[in-house]
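Atoms within each ligand, like the ligands themselves, are counted from 1 in listed order. Quick caveat, the model's predicted, so the values are computed rather than measured.
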Amino acid sequence: LCVVAAPVSAQNYPTRTITMIVPFAAGGPTDVISRIVTANMAQTLGQSIVIENVVGAGGTTATTRAARAANDGYTLITGHMGTHAASVPLYPKLAYHPEKDFEPVALLAGTPILILARKDFPPKDLKEFVAYVKANAEKVNAAHAGVGSVSHASCELLNSILDVKPVGVPFNGTGPAMNALVAGQVDYMCDQIVNAVPQINAGTIKAYAIATPERNPSLPDVPTTAEAGLPAYQAQAWNAIFAPKGTPPSVIATLSAAATKALDDEAVRKRLLELGSVIPAPANRTPEALATLVRSEIAKWTPVLKPAT
Ligand code: MLT
C-alpha cells in the first residue's frame, strides 16, 4: 500500500491548530504579548493558536526548534530583540540565523526597557544607583533571562556604560526573574515594560528610570534615563512573529493580515497600552518592515555585545 501525502494547501490555510512557540517562561513579557495578540488572531483565522513555552539558553533553544519546524504555517515563534538580534554576536555557534532561517511575519510591540530593583535595594534614585553599583560592583547581582535575552543584552549595555560587571543570575524568562526581584532574592534587572508595570503599580519593586527619550503614559511618574542623569542609556526591545524559512508567501500574508488586524482591535490595543507597549504603526508591522528591523538590530547590537563575550 502506497500512501502519498497530500500537498499542503496554502489556499485553505489554516485548517488546524497553529502552535506559537514562546521562547521564555509563561507570564513574562513575550508570553503576555503573544497571548494578547494570538487570542485575537485565532478569531480572525478561525483556528486555535496554542502557546508552547520552550525555555532555555536565552531563548535560543526554542528559536532553533522553530527554525527547524515544518514550514507550513502551523509552527510559528514570537521572537524578539534577543532571539533575532542580540543572540547573533553572543553565540558564535548559533544554530540558526535570524535572517536566513526565518520569514518575518509581523512586528507586534515595542517594549521600552526599565532599570528596576528590589524594593529594599538601598539607592533611592538613578544617580544613587549608579554610585552604589560602581562602589559595590563585586557584591551586586543582576537577574536576566539567559545570555542573549533582552534583559541580558540590555543590562550588558548598561553595565558597559557604567563600566561594571555585576554577577548575572539567569532565569528561564523575566517572569520568574521578576518573582525573584519581588521576593528580594536578586538586586536589579533591566526588563521590558510589559513585565514591570503591574509590579511598579503594586509597589513591589523600584523603578529608577525608563530608557526611552519620553516617559511612558502607563508609568507617568517614572523618569526617563535622561531626566534621571544617565542619558547615554537608551534601550527599547520589540517582539515579533516569525515563521520558518520557506513558509508559503500566501500563508505569511494571511498571518500578517491577522496580526495587523489584532493590533487595530480596541481591546487588544487597550491591554497592550496599559502594559506600556508601543504599538507599531501599520507600515512598521509588515514582513518587509520587520526584515529591515531585524537587519538593523543585528547591526546595532553586534558592536555592543561582541566585547562582552
Ligand atoms: C521573557 O518573556 O521572559 C523575556 O522576553 C525575556 C527576555 O528576553 O529578557
Side-chain angles (χ1 to χ4, degrees), residues 20-38 51-66 76-91 94 98 107-117 141-159 166 168-182 186 188-199 205 207 210-211 233 235-242 271-272 275-278 293-294 297-298 300-301 304-305 308:
M20 178 66 75
I21 296 177
V22 166
F24 296 97
T30 305
D31 182 72
V32 167
I33 292 169
S34 296
R35 285 177 199 272
I36 293 171
V37 178
T38 58
I51 302 280
E52 190 184 346
N53 299 88
V54 178
V55 302
T60 62
T61 302
T63 312
T64 301
R65 185 192 290 192
L76 309 171
I77 184 165
T78 305
H80 69 3
M81 185 213 93
T83 57
H84 284 71
S87 57
V88 173
L90 287 169
Y91 289 90
L94 196 62
L107 178 64
L108 302 183
T111 49
I113 300 295
L114 287 113
I115 304 172
L116 309 166
N141 63 52
H144 62 71
V147 171
S149 63
V150 163
S151 43
H152 171 261
S154 305
C155 254
E156 284 295 325
L157 176 61
L158 177 64
N159 297 340
V169 185
F171 291 83
N172 280 334
T174 53
M178 180 60 78
N179 293 341
L181 196 70
V182 170
V186 289
Y188 74 99
M189 174 155 85
C190 307
D191 198 12
Q192 297 169 76
I193 192 164
V194 171
N195 209 29
V197 167
Q199 298 302 340
I205 57 170
I210 184 163
Y233 186 57
Q236 173 162 298
W238 45 269
N239 289 260
I241 300 176
F242 296 86
R271 191 75 195 108
L272 288 175
L275 293 170
S277 323
V278 178
L293 177 69
V294 168
E297 287 283 277
I298 293 172
K300 174 180 147 186
W301 283 99
V304 174
L305 297 170

Handout entry: Any donor-acceptor N/O pair, Ser87 side chain to Gly82 backbone, under 3.5 Å
Key = yes

Problem - Heteroatom proximity flag, Ala25 to ligand 1, N/O under 3.5 Å - result: no

Problem - Min N/O separation His80 to ligand 1 under 3.5 Å - result: yes

Problem - Geometric N/O contact Thr174 with ligand 1, under 3.5 angstrom - result: yes

Exercise for the section: Please determine, by modelled atom types, if Ser151 and Asp191 share a side-chain donor-acceptor pair under 3.5 angstrom. Expected result: no

Handout entry: N or O contact, Asp31 vs ligand 1, cut-off under 3.5 Å
Key = no

Problem - Thr30 and Thr83, any side-chain heavy atoms less than 4.5 Å apart - result: no

Problem - Ligand-residue contact atoms, ligand 1 with Ala145, heavy atoms, under 4.0 Å - result: 6 (C), 7 (C), 9 (O)

Problem - Close approach, Pro29 and ligand 1, non-hydrogen under 4.0 angstrom - result: yes

Handout entry: Pairwise side-chain contact, Ile205 with Met178, heavy-atom cut-off 4.5 Å (strictly under)
Key = yes

Problem - Shortest protein heavy-atom distance from atom 5 (O) of ligand 1, along with the residue and atom involved - result: Thr30 OG1, 2.7 Å

Practice task
Please confirm whether Asn239 comes within less than 3.5 Å of ligand 1 when only nitrogen or oxygen atoms on both sides are compared.
Solution key: no

Handout entry: Contact partition for Gln192 relative to ligand 1, non-hydrogen atoms under 4.0 Å
Key = side chain

Practice task
Fit a plane to each ring of His80 and Phe24, take the angle between them on a 0 to 90° scale, and name the class: parallel (under 30°), tilted (30 to 60°) or perpendicular (over 60°).
Solution key: tilted

Problem - Separation of Tyr233 OH from Ile113 CD1 (nearest 0.5 Å) - result: 6.0 Å

Problem - Val32 and Asn195, any side-chain heavy atoms less than 4.5 Å apart - result: no

Problem - Atoms of ligand 1 close to Ser149 [distance to a heavy atom under 4.0 angstrom, numbered from 1] - result: 7 (C), 8 (O), 9 (O)

Practice task
May I ask you to list the atoms of ligand 1 that are less than 4.0 angstrom from any heavy atom of Gly173?
Solution key: 3 (O)

Practice task
Check whether any side-chain heavy atom of Leu90 sits under 4.5 Å from a side-chain heavy atom of Trp301, and report yes or no.
Solution key: no

Problem - Atom indices of ligand 1 within 4.0 angstrom of Ser151 heavy atoms, with elements - result: 7 (C), 8 (O), 9 (O)

Completion exercise
If we number the atoms of ligand 1 from 1 as shown, the ones under 4.0 Å from a heavy atom of Val150 are 7 (C), 8 (O), 9 (O)

Completion exercise
CD of Gln236 to OG1 of Thr111, rounded to nearest 0.5 Å, is 6.5 Å

